[in-house]
Amino acid sequence: MEMKKPLLEMNNISKSFPGVKALQNVNLKAYGGEVLALLGENGAGKSTLMKILSGVYRKDEGKIRIDGEEVEICGIKEAEKLGVSIIHQELSLLPNLTIYENIFLGNEEYNGFLRKVNKKSMKEKSEKLLDSIGFSIKADTLVEDLNVGEMQMVEIIKAISKHSKIIIMDEPTTALTDVETVKLFEVIRKLKSEGIAIIYISHRMDEIFQICDKVNVLRDGKYIGDAKVSEVSKDDLISMMVGRKLEEQFPYREEEKGKVLLKVSNLNFKDKVKDVSFEVRSGEILGIAGLMGSGRTETAKTVFGEYKKTSGEICIDGKKVKINSPKDAIKSGIAYLSEDRKKEGLILNMSVANNMSLCNLNKYENSIKKIDKKLETEEVKKFIEKLSVKTPSHKQLIKNLSGGNQQKVIIAKWVMISPKILIIDEPTRGIDVGAKKEIYEVLNELKKMGKAIIMISSDMPEILGISDRILVMSEGKVSGELLRNEATQENIMKYAVNMQN
Ligand SMILES: Nc1ncnc2c1ncn2[C@@H]1O[C@H](COP(=O)(O)OP(=O)(O)OP(=O)(O)O)[C@@H](O)[C@H]1O
Ligand SMILES: [Mg+2]
């Protein structure tokens, strides 16, 4: 039997940033017609390695071979010429251009003689590509009019349009609905059958087993090993990633439940939230399950005053409150951590510490109204440790942190204002398995302190593992409510698709 030759080999790759050894002697092999999962905790070096391959960063050391030939990748254009394209973790489309302009950005087609941009041809080609992956949308739609999932699809088409041999997908599904994810997987299978090598980064373990053939694991910038997916278990992968066995991934703690802290009655917002009523007690985690688009986030945003309710009543601590803006909500003791954390006020050119304490500066004011820097720093350091934020120091600029670690900072920011009621939307999206558990511990601790927590999540094991009670939403309405001990994946799904027997 002839051994298949790798399409891509990366050997002994090293890369440092000031104060950070992001990669040390890392190896990776990818084969045509296969999907390789690149796994590791937040900050392990996955994006950095892929940015080196796609010409965004230069490696300090190491060798890269494509098709057996050693290559020096000095820039993005060069990587593209070598057949490498990447779909970045952060979306990188230009919102005020159309879909086809984005797809052909930098590779515009011109009419032979007059060198005029050939819009017609680019539009037609884009439409064909859109069609080929079953994405029915006009190619001259402006990108700013798309939702995040659709933007992600455009990024994918952009990569396909370049006829790449190697396509890198850095957390492609974090913003996709279940249906879109299924579509993406179909596209991946098609690319595979065409002999393309795909490198796939995701923190969702289920996806690894669904779509990947092999895994390559990094930990703390070092190469740990590779394996065939068919020969490893989920637990094996977790131990390779975090370097230890992770017992009970969902630490649940029963607490004494206190008085009702939040009572929402007949809440309506346009046709998105319909007559929603529920209550949450002190010491309780209420999970809200449902499919994407079921009105969960809209409910949260209406309670938080980001959307102006059409009707309904909100009571906090037994008192009716008027919430017309997030500011009112925060004053009444509600914090809302949105699912859209990229947009959610990280100030990229500020330090980790300043980003964390942004919302609650007055907490650190001393008697003469000066910010107590020492107190602030202590608290910040405590949370960096508690959530294992991977950063060389609290003074590091937030833009230099890995995607997942930026998210942990936002979580810390809201938890630090110590609200009575915390609404947290998709708390662990894009967060690694080890850190997920740390976030659950933080939620448990808040619960113990007598806070009321609402956790919106599409992650079924998380909903089942952490909630005391589960509300299921469908089409803007509450379609079911289950106690912890009666909830199962099946009965939640039934309510979610509104098919109670
Ligand atoms: N431009 C930069 N300047 C300084 N440090 C950086 C820079 N880019 C990345 N790092 C650091 O390098 C390390 C690896 O980051 P990287 O983004 O590759 O992690 P990752 O594995 O992709 O994590 P995640 O799962 O959170 O996306 C991190 O410690 C990060 O803070
Ligand atoms: Mg990353």
Side-chain angles (χ1 to χ4, degrees), residues 10 13-28 36-62 76 86-92 152 155 168-175 199-205 207-208 215-224 237-238 240-243 341-342 346 348-353 355-356 384-385 387-412 426-439:
M10 298 179 85
I13 307 290
S14 297
K15 172 79 186 169
S16 293
F17 297 109
V20 184
K21 272 206 153 169
L23 297 169
Q24 292 178 59
N25 300 317
V26 168
N27 303 321
L28 179 143
L36 174 72
L38 182 55
L39 295 181
E41 292 181 289
N42 297 130
K46 306 177 296 290
S47 295
T48 303
L49 186 64
M50 292 300 104
K51 282 180 183 166
I52 288 173
L53 179 59
S54 53
V56 179
Y57 294 150
R58 295 287 299 268
K59 60 183 164 47
D60 297 341
E61 272 170 74
I76 303 172
I86 181 164
I87 299 158
H88 284 288
Q89 191 168 7
E90 324 69 38
L91 293 174
S92 54
Q152 188 67 270
E155 293 260 20
I168 305 157
M169 302 186 177
D170 197 348
E171 301 198 35
T173 56
T174 39
I199 304 177
Y200 190 89
I201 301 179
S202 173
H203 289 291
R204 297 187 179 165
M205 284 300 199
E207 294 181 353
I208 308 303
V215 294
N216 196 84
V217 183
L218 305 183
R219 191 196 313 146
D220 280 336
K222 297 194 190 89
Y223 168 73
I224 299 300
L237 290 183
I238 293 176
M240 279 171 91
M241 281 163 62
V242 303
R341 285 184 281 265
K342 295 258 163 64
L346 271 183
L348 290 174
N349 274 318
M350 259 171 40
S351 70
V352 170
N355 268 287
M356 272 193 191
I384 288 179
E385 203 184 296
L387 294 174
S388 1
V389 178
K390 192 164 185 292
T391 173
S393 106
H394 61 280
K395 294 182 190 147
Q396 175 74 304
L397 294 183
I398 193 101
K399 67 173 177 204
N400 291 337
L401 262 56
S402 77
N405 282 297
Q406 292 184 356
Q407 288 195 33
K408 293 187 207 169
V409 171
I410 303 171
I411 293 179
E426 302 289 359
T428 63
R429 206 187 256 175
I431 288 194
D432 70 58
V433 274
K436 273 183 188 169
K437 187 170 169 185
E438 281 142 18
I439 287 170

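Numbering of ligands and ligand atoms starts at 1, following listing order. Given the structure is predicted, the values throughout are model-derived calculations rather than measurements.
- Checked against a 3.5 angstrom limit, the closest N/O atoms of F17 and ligand 1 fall outside it.
- Of all the atoms in ligand 1, the ones that sit under 4.0 Å from a non-hydrogen atom of E41 are 21 (O).
- Atoms of ligand 1 lying under 4.0 Å from at least one heavy atom of N42, given by number and element, are 23 (O), 24 (P), 25 (O), 26 (O).
- The protein heavy-atom contact nearest to atom 23 (O) of ligand 1 is G43 N, 2.7 Å.
- Using 4.0 Å as the threshold, Q406 has no heavy atom nearer than that to any atom of ligand 1.
- Side-chain atoms of N42 and Q406, non-hydrogen and from C-beta on, never get closer than 4.5 Å to each other.
- With hydrogens left out, the protein atom closest to atom 12 (O) of ligand 1 is A22 CB, 3.5 Å, a heavy atom.
- Between G40 and ligand 1 there is no heavy-atom distance shorter than 4.0 Å.
- The residue from K46, Q396, K390, K399 that puts a heavy atom closest to atom 25 (O) of ligand 1 is K46.
- Taking 2.8 Å as the threshold, T48 does not count as a candidate ligand of the Mg ion (ligand 2), since none of its N, O or S atoms lies below it.
- Near Y57, with a cut-off below 4.0 Å to any heavy atom, the atoms of ligand 1 are 1 (N), 8 (N).
- With rounding to the nearest 0.5 Å, the separation of OH in Y200 from CD in E171 is 9.5 Å.
- For the pair L38/L28, a side-chain contact is recorded, criterion being any heavy-atom separation below 4.5 Å from C-beta on.
- Taking atom 27 (O) of ligand 1 as the reference point, the nearest protein heavy-atom neighbour is Q89 NE2, 3.0 Å.
- With L218, T48, D220, V56 as candidates, the residue nearest to atom 16 (P) of ligand 1 on a non-hydrogen basis is T48.
- When the heavy-atom distances from atom 30 (C) of ligand 1 to V20, L49, N400 are ranked, the shortest goes to N400.
- Contact annotation: the side chain of S351 never approaches that of I398 to less than 4.5 Å [non-hydrogen atoms, C-beta and beyond].
- Side-chain N/O atoms of K399 and N349 include a donor and acceptor closer than 3.5 Å.
- In this structure, I13 and E61 have side chains that are not in contact, with every pair of non-hydrogen atoms separated by 4.5 Å or more.
- Inter-residue side-chain proximity for T48 and Y57 is flagged as met; some heavy-atom pair is nearer than 4.5 Å.
- A donor-acceptor contact closer than 3.5 angstrom links the side chains of T173 and E207.
- Counting only non-hydrogen atoms, the option in S402, G404, G430 that gets closest to atom 17 (O) of ligand 1 is S402.
- Residue contacts with ligand 1: Q407 is excluded, as none of its non-hydrogen atoms falls under 4.0 Å.
- There is no side-chain donor-acceptor pair under 3.5 Å between S14 and Q24.
- How far CG of L401 is from OG1 of T391: 4.5 Å, rounded to the nearest 0.5 Å.
- In summary, the atoms of ligand 1 found under 4.0 Å from a heavy atom of S47, numbered by their order in the structure, are 17 (O), 18 (O), 20 (P), 22 (O).
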